[in-house]
Amino acid sequence: MSAVITLIAYLLVPALLVVLCQRVSWLDKAGVVVLSFASGIALAATGMLPDLAGAEALKTVQTNLSEIAIALALPLLVFSIDVKASFGMAGDTMKSMGVALIAVIIASAAGAFIYADSLANVWQIAGMSVGAYTGGGPNMAAIKTAIEADENTFTTMITYDILLSALYLMFVMTLAKPIFSRFLRPYRSQGEHAYHTEEEKFGHMADETANAYKVLANVKALPKTALALLLSAVSVGIAVGVASLVPGSMSSAVTIITITTLGVLASFVPAIRNLPNSFQLGMYLILVFCFTTGTMTDTSIVTNLNVDLFAYISIILVGSLILQAIICRLLNIDTDTFLITSSAAIMSVPFIPVIAGALKNREIILPGFAAAIIGYIVGNYLGVGVAFFTRWLLGA
């Protein structure tokens, strides 16, 4: 019974945080995702977690819940994506996004070689980093499951990522444009980015506030929301079945890749793509995952800085930005497109309007959405691929 109570509490705490953020504006600005993770860490630090039948029983509940939450979230996040519209936004935006993805992969691989002797399981770190900085946190979490990465390493990376990504965002919104405008051409509107008529295809992913979760309380939409959850569960079930056919060492990776693929394929079905609230439900499961993962954190990682890992993540952020800028100069890509696609890779969809506003260019919002969505779609494939390729190169 105590295990059931703990499970229910883990599922409901993010809802309480959402309500709190809806009522306290300054908390909402911090972001409910960050607060969910931070609340879990704070709870772990106080030592107030219930003991259940012992530490191992608690860890089992935490591990199972985190894995189930991320598995169910993946299809839900992808169901509502208009893949055709995303890839249809061609031109410099997609070209620059391709460069951004390549830059992250190169920076991650280079960092893995630099820290091969000082970071344990650096191939896992490389794979999770590629997932985080081509797609986002959900991709990083999925890859962690796929490659069975160390839990402490994963939680440490999340902690450092929150800090370094915040610094990256501040730089992009303030100093980046004046600096990179010195050798990249200015943005010129030619009409190709004016996709305002298609805003409904991406707008549901743009709201980063706690108010975005209000739709989950819409009683009339509950049957369709439940259907989306059921379809997600079916996708996970099929993926687990497919993974059972491969060797055990590859089962986790096959499970995650299959879940992602099934979600993408389902998004081509209009009836599934138009199911209301699937994206918001997926994001709520991400909150559950973040909170649960936070409670599993060894709080010593906050006070005892892992200098090598911190430096490794810094190399990816700085290195990929510089490398992408150099290639964009060769390809004659403008400053705004370069910055919005770098942000689409490093950050995530909700930050696109914020960055576009800082750049004073609303025309790049929708192409930015499309670029970030493509990052979501390909992030798992790239992260898992880089992880195993890096392990092969290093002979790990």
Side-chain angles (χ1 to χ4, degrees), residues 30-45 66 70 100 103-145 147 149-173 286-287 289-323 342-343 345-348 350-351 375 379 382-383 386-387 390:
V32 69
V33 173
V34 172
L35 286 176
S36 295
F37 183 61
S39 297
I41 294 178
L43 189 59
S66 64
I70 194 65
V104 169
I105 291 172
I106 292 175
S108 297
F113 278 92
I114 293 172
Y115 292 99
D117 296 328
S118 56
L119 286 174
N121 295 318
V122 72
W123 64 276
Q124 295 179 343
I125 297 172
M128 289 189 288
S129 297
V130 168
Y133 301 126
T134 59
N139 298 87
M140 180 182 177
I143 292 163
K144 173 256 180 185
T145 301
I147 62 178
D150 177 71
E151 190 71 46
N152 287 334
T153 300
F154 174 70
T155 52
T156 304
M157 287 181 68
I158 291 178
T159 305
Y160 296 168
D161 169 60
I162 290 173
L163 173 60
L164 291 171
S165 293
L167 294 175
Y168 166 89
L169 181 62
M170 291 173 59
F171 173 72
V172 169
M173 294 176 63
I286 293 299
L287 300 183
F289 171 84
C290 289
F291 175 73
T292 305
T293 300
T295 63
M296 300 167 68
T297 302
D298 179 358
T299 53
S300 66
I301 66 174
V302 180
T303 55
N304 300 324
L305 182 69
N306 184 330
V307 176
D308 289 333
L309 182 55
F310 192 86
Y312 177 91
I313 297 175
S314 301
I315 286 174
I316 296 174
L317 293 176
V318 176
S320 63
L321 187 67
I322 294 174
L323 181 58
S342 174
S343 302
I346 299 298
M347 303 301 291
S348 59
F351 291 95
L382 295 177
V386 167
T390 303

Rounded to the nearest 0.5 Å, what's the gap from [atom1] on [X] to [atom2] on [Y]? Could you check?
X: Tyr133; Y: Ile313; atom1: OH; atom2: CD1; answer: 5.0 Å
X: Leu317; Y: Phe171; atom1: CG; atom2: CZ; answer: 11.5 Å
X: Leu169; Y: Ser343; atom1: CG; atom2: OG; answer: 7.5 Å

Can you name the side chain to side chain donor-acceptor pair (under 3.5 Å) partners of [X], sequence neighbours left out?
X: Ser165; value: Asp161
X: Thr145; value: none
X: Ser342; value: Tyr168
X: Asp308; value: none

Do the side chains of [Y] and [X] get nearer than 4.5 Å, heavy atoms only?
X: Thr134; Y: Ile346; answer: no
X: Thr159; Y: Thr156; answer: no
X: Phe154; Y: Met140; answer: yes

Exercise answer: donor-acceptor pairs, residues 106-122 side-chain atoms, under 3.5 Å, sequence neighbours excluded:
from: Ser108; atom 1: OG; to: Val104; atom 2: O; distance (Å): 2.9

Identify the heavy atoms of [X] and [Y] that sit nearest to each other, and give their distance.
X: Asn139; Y: Gly131; result: CB-O, 3.4 Å
X: Thr295; Y: Thr292; result: OG1-O, 2.6 Å
X: Ala103; Y: Leu323; result: CA-CD2, 3.8 Å
X: Ile316; Y: Ser129; result: CD1-CB, 3.3 Å

Residue pairs meeting salt bridge (Lys or Arg N to Asp or Glu O under 4.0 Å), one or both in residues 131-145, sequence neighbours left out, come to Lys144-Glu151
- Residue list, side-chain contact (heavy atoms from CB on, under 4.5 Å) with Leu287, at least two apart or on another chain: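 Checked Leu287 against side-chain contact (heavy atoms from CB on, under 4.5 Å); matches are Pro14, Val18, Val32, Val33, Ser36, Tyr213, Tyr284.
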Those residues at least two apart in sequence (or on a different chain) that pass side-chain contact (heavy atoms from CB on, under 4.5 Å) with Thr153 are Ile125, Met128, Asp150, Met157
| query | Among all residues two or more places apart in sequence or in another chain, which pass the ring-ring contact (aromatic ring centres under 6.0 Å, His included) test with Phe310? | reply |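 With sequence neighbours excluded, Phe310 shows a ring-ring contact (aromatic ring centres under 6.0 Å, His included) to Tyr160, given in chain and number order.
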For Tyr312, the ring-ring contact (aromatic ring centres under 6.0 Å, His included) test, sequence neighbours excluded, returns none
